[in-house]
2 protein chains.
Amino acid sequence: MAQTSPMRADVAMPTARASATTSFRPIVIHPDGALGDPCAHCDARSVSVCNAIEDDRLPRLAAAAVTATLAPGQGFIAEGDPATHFFNITSGTARLFKLLPDGRRQITGFAGRGHFLGLAVSDTYAFGAEAIGPMTMCRFPRSRMLGLLDEFRALEQRLLETARNELVSAQEQMLLLGRKTARERLSSFLLAQARAGSACGHAAHQIDLPMTRADIADYLGLTIETVSRGFTRLRNDGLIRLDGANSVHIRNIAALEDAAGGV
Amino acid sequence: MAQTSPMRADVAMPTARASATTSFRPIVIHPDGALGDPCAHCDARSVSVCNAIEDDRLPRLAAAAVTATLAPGQGFIAEGDPATHFFNITSGTARLFKLLPDGRRQITGFAGRGHFLGLAVSDTYAFGAEAIGPMTMCRFPRSRMLGLLDEFRALEQRLLETARNELVSAQEQMLLLGRKTARERLSSFLLAQARAGSACGHAAHQIDLPMTRADIADYLGLTIETVSRGFTRLRNDGLIRLDGANSVHIRNIAALEDAAGGV
DNA sequence: CGGTCACTTGATCGTCTTCAATACCAGTGG
DNA sequence: CCACTGGTATTGAAGACGATCAAGTGACCG
C-alpha cells in the first residue's frame with residue numbers, strides 16, 4: 001500500500017499561546033419569535049438544513065427559534081457545558097475548538113452561514129464555539145428541536161446527510177494533521193477556503209480570511225509563525241498574492257494544488 | 001482562552017513506508033441469505049445499529065445482507081471507488097485509512113465488531129478499509145439499505161446517533177493529531193483502547209492490540225520507531241507492562257491519564 | 001538453520017517550534 | 001499632524017522533538 005518515498009515532512013507543535021477573547025458576555029437576543037414568519041425570509045435557509053422543511057410549515061420551525069447577535073470574539077458554546085441548544089448560523093463565521101487543560105487549542109472547524117451546530121453532542125457539548133467577527137444565529141432549545149425532528153423526517157435526513165459530510169471533512173482534516181507538511185497544510189487550507197467561498201458566490205481565485213493567523217495555526221496544528229512564513233513562501237514562489245493579511249489571491253491554482261499534496 | 005504554557009511539544013511526520021498488504025483478493029462470500037434468520041443470531045447485533053430493528057422484522061434485514069469472511073490484510077473498501085455497499089463488521093478489526101498520492105497513509109480509525117461502515121460517503125468511498133486479522137462482516141447493497149432506512153425509521157435514528165458519536169471521536173482525534181506530543185498521543189491511544197476493550201467485556205487494565213506498530217503509527221501521525229520508543233518509555237516509567245508486542249497491561253492508570261494530556 | 005517479518009534500539013538530521021525583535025495598522029488623544 | 005498604544009503579522013536565530021537511516025533482536029516457519 002504505502003510505498004517508500006523520498007518525501008520529507010516534519011511538523012512540530014506549539015505550546016499554548018495567549019489569545020485574548022471576549023468569550024462569555026451576555027448574548028443579545030432578538031425577541032422576534034412572535035413575528036410573522038422569520039424563517040421564510042432567512043438568508044441562511046437556502047444553504048441550511050432548514051431548507052428541508054416545506055414553506056407552509058416553516059412557522060412551526062420559527063416558533064422554536066430565537067435569533068441572536070454576537071460581538072466579535074464572543075463565545076456561545078462552552079465545551080463540557082450541558083447541551084441545551086442547537087444553533088444555526090445565519091451570518092458571520094464561528095470557530096469550533098477543543099482545548100487541553102494547559103491551554104493548547106485545536107480548532108476543529110470554522111462554521112459559516114447555514115452551518116448547523118450542536119449535532120455532535122450527547123449531554124454536554126464536545127467542543128467550544130466563538131464568533132470570529134460580528135455574527136448572527138438562531139437558537140433552538142434541544143427538546144423542541146428533537147420534537148421537530150420527530151415531526152419533520154426530511155429534517156432528520158438532512159441532518160444525517162450533514163453529519164456524513166462533516167465526517168468526510170473530518171477524515172480529510174485528520175489526513176492533513178497527521179501526514180501533511182506545513183506547506184501542504186496551508187495550501188490545502190487555502191484551496192478549501194477558495195472552494196467554500198466560490199460556493200457562496202465569490203470569485204474562485206479570491207479568498208477572504210475572516211480568521212486570524214492564530215486561528216489558522218490552531219486549525220492546521222501549527223504555530224502563528226509557521227503559518228506566516230508559509231504565506232510568505234507561497235507568495236515568493238508566485239502561487240498566491242497577499243492583499244493585506246486577510247485577503248489572498250490565487251495566482252497559480254495548479255501549483256497550489258500540487259503544493260497541497262496532490263489531493 | 002489559550003494562555004502561554006511552558007509545555008513543549010514537537011512532532012515530525014514520516015515519509016511513506018513500505019507496508020505489504022494482501023489488499024484486494026476476492027472476498028469469500030457465504031451464501032446464507034436463504035437461511036432461517038441469521039440476523040437474529042448475530043454476535044454483533046447487540047452492539048450494532050441493527051439492534052434498532054424489532055425481532056420479528058429481522059428477516060427483512062437479513063434478506064438484504066450477505067455475510068463474508070476476509071483474510072488478514074485483505075481490503076474491502078477502496079478510496080474513490082463507487083460506493084455500492086454498506087458494511088457491518090461482525091468479528092475482527094478493520095483499519096480505515098486515507099492515502100496521499102505519494103503513499104503517506106493516515107489511519108482515521110479502527111472498526112471492530114458492530115461497527116457500521118460506508119456511512120461517510122457520497123457516491124464514492126471517502127476512505128479505504130482493510131481487515132487487520134481474520135474478519136467477518138455482512139454487506140448490504142446501497143440501494144436496498146436506503147430502502148430499509150425508509151422502512152425502519154429507528155434504524156435511521158441509530159445511524160444519526162452513530163454519526164454524531166463518530167464526529168465527536170473525530171474531533172478528539174484532531175486535537176490529538178494537531179496538538180499532542182508523541183507521548184500524549186500514545187497514552188491517549190492506550191486509554192481509548194482500554195475503554196473500548198472494557199466495553200466489550202475485557203478487563204479494564206488489559207489491552208489487546210490487534211494492529212501492528214505501523215498501523216498505530218499511521219493512526220497517531222507518527223513513525224513506527226517513535227511508537228516503539230514511546231511504548232518503551234511508558235514501560236520504563238512504570239505506567240504500563242508489555243506482554244509481547246500486542247498485549248499491554250496498564251499499571252498506573254492515573255499516571256497514564258496524566259501522560260495523555262489530562263483529558 | 002536460513003529466511004522473513006515485526007519490533008526495538010542507536011546516531012544523526014531536518015522541520016517546525018520557541019524566543020525575541022521588528023513592522024504594521026487602526027484607533028486615540030495631545 | 002504626530003506621538004502613543006494595543007493588537008496582529010512578519011522576520012530572524014537557536015533549539016528541540018520526532019523523522020530518518022541503520023543495525024540488531026526475537027519469533028515464526030519453511
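Bear in mind that the values here come from a model prediction, so they are computed numbers and not experimental data.
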Practice problem: Begin from the C-alpha positions of A:Asp215 and A:Arg213 and carry the test salt bridge (Lys or Arg N to Asp or Glu O under 4.0 Å) through to its verdict. | Solution: CA-CA 5 Å; A:Asp215 288 333; A:Arg213 294 288 185 269; over 6 Å; no
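Proximity of a side-chain donor or acceptor of A:Ser228 to a complementary backbone N or O of A:Ile224 within less than 3.5 Å is not detected.
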Check residues 112-119 of chain B and write down every donor-acceptor pair under 3.5 Å in which the side-chain atom is one partner and the other belongs to a residue at least two apart or another chain.
residue  : atom : partner  : partner atom : Å
B:Arg113 : NH1  : B:Asp43  : O            : 2.8
B:His115 : NE2  : B:Glu166 : OE2          : 3.2

Exercise answer: donor-acceptor pairs, residues 244-256 of chain B side-chain atoms, under 3.5 Å, sequence neighbours excluded:
residue  : atom : partner  : partner atom : Å
B:Ser247 : OG   : B:Gln206 : NE2          : 3.1
B:His249 : ND1  : B:Gln206 : OE1          : 2.8
B:Asn252 : OD1  : B:Ala254 : N            : 3.4
B:Asn252 : OD1  : B:Ala255 : N            : 3.0

What donor-acceptor contacts under 3.5 angstrom involve side-chain atoms of residues 189-201 of chain A, with partners at least two apart or in another chain?
residue  : atom : partner  : partner atom : Å
A:Ser198 : OG   : A:Ala194 : O            : 3.4
A:Ser198 : OG   : A:Arg195 : O            : 3.1

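Screening residues 167-176 of chain A for salt bridge (Lys or Arg N to Asp or Glu O under 4.0 Å), with sequence neighbours left out, gives A:Glu172-B:Lys98.
When rounded to the nearest whole Å, the span between CG of B:Leu186 and P of D:dG18 equals 11 Å. In this structure, A:Arg185 places its CZ atom 14 Å from P of C:dT15, rounding to the nearest Å. Distance, A:Ile132 CD1 to D:dG7 C1': 16 Å, rounded to whole Å. Following rounding to the nearest Å, B:Asp215 (CG) and C:dC5 (C1') show an atom-to-atom distance of 14 Å. Atom P of nucleotide D:dA27 and atom CG of B:Asp243 are separated by 14 Å, given to the nearest angstrom. Between A:Lys180 atom NZ and C:dT15 atom C1' there is a gap of 18 Å when expressed in whole angstrom units. Between A:Arg183 atom CZ and C:dG14 atom P the separation is 19 Å, expressed in whole Å. Distance, A:Leu234 CG to D:dT10 P: 12 Å, rounded to whole Å.
Considering A:Leu222, A:Val227, A:Thr223 as possible partners of A:Glu225, the one that fulfils the side-chain contact (heavy atoms from CB on, under 4.5 Å) test is A:Thr223.
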Which protein N or O atoms sit under 3.5 Å from an N or O of nucleotides 7-10 of chain C?
residue : atom : partner  : partner atom : Å
C:dC7   : OP1  : B:Arg213 : N            : 3.4
C:dC7   : OP2  : B:Arg213 : N            : 3.1
C:dT8   : OP1  : B:Arg213 : NH2          : 3.3
C:dT8   : OP2  : B:Arg213 : NE           : 2.8
C:dT8   : OP2  : B:Ser228 : OG           : 2.7
C:dT8   : O5'  : B:Ser228 : OG           : 3.0
C:dT9   : OP2  : B:Thr232 : OG1          : 2.5
C:dG10  : N7   : B:Arg229 : NH1          : 2.8
C:dG10  : O6   : B:Arg229 : NH2          : 3.2

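Using a cutoff of 4.0 Å between basic side-chain nitrogens and carboxylate oxygens, A:Asp218 and B:Arg179 are scored as salt-bridged.
The phosphate of D:dG18 has neither OP1 nor OP2 within less than 4.0 Å of any side-chain N or O from B:Thr223.
For A:Ser91 and A:Thr136, the side-chain atoms include at least one donor-acceptor pair closer than 3.5 Å.
Comparing the helix axis at one end of the helix from C:dC1-D:dG30 to C:dG30-D:dC1 with that at the other, each defined from 5 consecutive pairs, gives an inter-axis angle of 20° (nearest 10°).
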